[in-house]
Each structure stands twice: as C-alpha cells, then as structure tokens.
Amino acid sequence: MPEGDTVYRAARLLDTHLSGRVLERAELRVPQHATADLVGALVVETVSRGKHLLTRLTRDEERWTLHTHLKMEGTWRVFADGQRWSRPAHQARAVLGVTGTQAVGFSLGLVELLDTTEEHRAVGHLGPDLLGPDWDEDEALRRLALEPERLLIDALLDQRNLAGIGNMYAAELCFVVGLHPHTPVGSATGLRRLVRRARQMLDLNKERAIQSTTGNLRERERTWVYRRDRSPCRRCATPVSVAMRGPAEKERASYWCPRCQPEPDRP
Ligand SMILES: [Zn+2]
C-alpha cells in the first residue's frame, strides 16, 4: 500500500514532466470518463493531498482536476515517446502525453475527472496532510482524540484524522513511541511525539526512492517491526508479533514487539 511520501513523489514526477505543457494525448481508461476529451488542455500542476493526486488542467474557460489514487497496486510512470512501457498496457488506467513524453498511470485504484471547483468532494474529508503546506499538528491531535475507544493503529490509518499514513508507517510509529498498536487512542500517551515522528519519517523519505524508518537503507533492515514477524526485535531481540484484524476481505496486519510495546491494560 503506497504511503503519503510515495504519493508525494508521484506528484513531483508528474509535475516535473507535465506542468506547463499541453496534452497531445489524454486517455482515461475507465468507463465513466472513457470519452473525456482533454487533448489541447494545459497541465497546470499536480499536487498530492495525503494519498490522493490532483492533476489540474485548463483549456479556454474550462478547469478540470484529474483525481487519481494509487490504492494498493497503482503507480505513475513516465516514458519517452517510443520507449517500452514497464508494465502491461492493459493495466494502464490513464495516459497523459505531451511532446516527447508519456505519463502512464497503471493499476490506479481511482480515476475521476472533476470540475476543479469540486475538488473538495475528493479530498475535503481528509485530515491535515503530513506533507502538506498547511500541516496542522494540533488539528491532527484534536481529530485523533475524537474517538478515544478506537485502536491506535486504526486511528492512524484513518485519513480523516491525518493524511498520509499507510500500514508501514502506522506499525513503525507505534514501535518508535513504544505503544502497542491496539492501545485505545484515549489511553495512548505521547501522541504528540508520535505525530511529530510521523511528519519527520515521511519528510525524510519523500526525497528518496527507498523507504526506511530505521535510517538503514539495507534490505531487511529498513523497518523496526513492519513485516518482520518472528524476527528478533532490533532493540531487545524478542520475536516480533503479528496479528490480523478487520473483515476477511480487508484484513490488515499489526506488527509489534511484545516487550518494547506492552499490551494495554484491560479496563
Ligand atoms: Zn523489543
């Protein structure tokens, strides 16, 4: 699952290659927008909001926003004209071409064309964006506190509280502040520190191709607990635990060190 920093990098990629240029090719390969005619539109910019991408376009009096979301498997890639695509063409959900360059969105979880004035319908529900210019720590903490019974990990993944955290950062952040992922938010101490670390982690990783929360970029040493179940904890050598939670088709794994992140006291 792509995290906020991955989406930020995708926005930068599209911005670098498309902004200020006119679309010579524009295909939205989703039934709802298959006939959309965007050729001749100027690409104004692409920005990320949490894990959402907004590509703003204009032609004459019209203003559109192409809203895309990577969901589980999606990615945006850029190719020179004539270059072979790195993924099968049938996975392409959006193709935006300018002279010499094609940007292709593969396996996008969402492709939606909005009037730019309607962007709030796509991203208005989001909490403060960890990588956004309008990041607001107090507001994120206020939102997290609204449902004190909720498990910390679920509250962190809820993009309405704060935007940009996926499964990896959620697990890693709980470890870094020594909280069990299943601690009710209302009894979690040190949330401000956790939220600050969240911003630092995403900010550090947004400029690099390899994500690491440990500072170590070597394979298998990039995370503290995420996907390290049964491996020894890097701090205390206790085997890392894993548990599945959520409905069968949307199961998510929690990872934690039973010693560094003790179980919350049951009321
Ligand atoms: Zn440990």
Side-chain angles (χ1 to χ4, degrees), residues 1-8 50-51 72 127 130-131 135 137 140-141 143-145 147-159 161-248 250-267:
M1 179 199 281
E3 317 256 351
D5 55 326
T6 305
V7 179
Y8 177 93
K51 299 203 274 181
M72 300 305 281
L130 281 158
L131 292 176
W135 165 245
E137 182 180 289
L141 288 166
R143 291 179 180 226
L144 283 168
E147 292 179 274
E149 306 295 319
R150 218 154 167 219
L151 303 186
L152 176 59
I153 189 146
D154 291 333
L156 292 175
L157 287 167
D158 188 336
Q159 307 295 303
N161 290 332
L162 66 177
I165 293 180
N167 288 330
M168 179 188 74
Y169 287 120
E172 296 293 282
L173 287 161
C174 290
F175 177 86
V176 165
V177 297
L179 287 169
H180 193 288
H182 301 168
T183 308
V185 182
S187 49
T189 51
L191 278 185
R192 188 175 293 274
R193 189 160 79 92
L194 184 153
V195 165
R196 282 191 186 161
R197 287 302 294 266
R199 185 137 195 268
Q200 281 170 1
M201 274 188 189
L202 268 75
D203 197 57
L204 273 171
N205 282 319
K206 78 183 198 302
E207 306 294 346
R208 58 191 183 201
I210 296 171
Q211 289 169 317
S212 168
T213 58
T214 59
N216 192 328
L217 297 182
R218 280 214 295 268
E219 205 179 343
R220 307 187 61 76
E221 299 191 11
R222 294 171 195 158
T223 62
W224 295 104
V225 290
Y226 180 68
R227 290 193 174 157
R228 293 194 66 247
D229 38 310
R230 293 185 296 278
S231 299
C233 170
R234 297 187 188 289
R235 280 196 184 141
C236 74
T238 305
V240 170
S241 293
V242 62
M244 303 304 291
R245 62 182 206 297
K250 291 180 77 177
E251 264 196 328
R252 280 170 157 170
S254 300
Y255 301 88
W256 72 96
C257 167
R259 183 151 171 218
C260 298
Q261 300 164 270
E263 289 248 6
D265 294 331
R266 302 257 167 237

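Numbering of ligands and ligand atoms starts at 1, following listing order.
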Q.
Just by distance, no angles: are the side chains of Thr6 and Gln211 close enough, under 3.5 Å, to form a donor-acceptor pair?
A. yes

(Q) Going by the rule salt bridge (charged side-chain N to carboxylate O under 4.0 Å, His left out), which residues pair with Glu137 if we only count those two or more places apart in sequence or in a different chain? (A) Arg192, Arg196

Q.
Is it the case that atom CD in Glu149 sees more than 12 heavy atoms from other parts of the structure closer than 6.0 Å?
A. no

Q. What closest approach, in Å, do Tyr255 and Pro181 show between heavy atoms, and which atom pair accounts for it?
A. O-CG, 4.0 Å

Q | Any residue meeting side chain to side chain contact (heavy atoms under 4.5 Å, CB included) with Arg234, in chain and number order, not counting sequence neighbours | A | Thr214, Glu221, Trp224, Arg228

(Q) Suppose we screen for side chain to side chain donor-acceptor pair (under 3.5 Å). Which residues come up paired with Ser187, at least two apart in sequence or across chains? (A) none

Q. Is any protein N, O or S atom closer than 2.8 Å to the Zn ion (ligand 1), and if so, which?
A. Cys233 SG, Cys236 SG, Cys257 SG, Cys260 SG

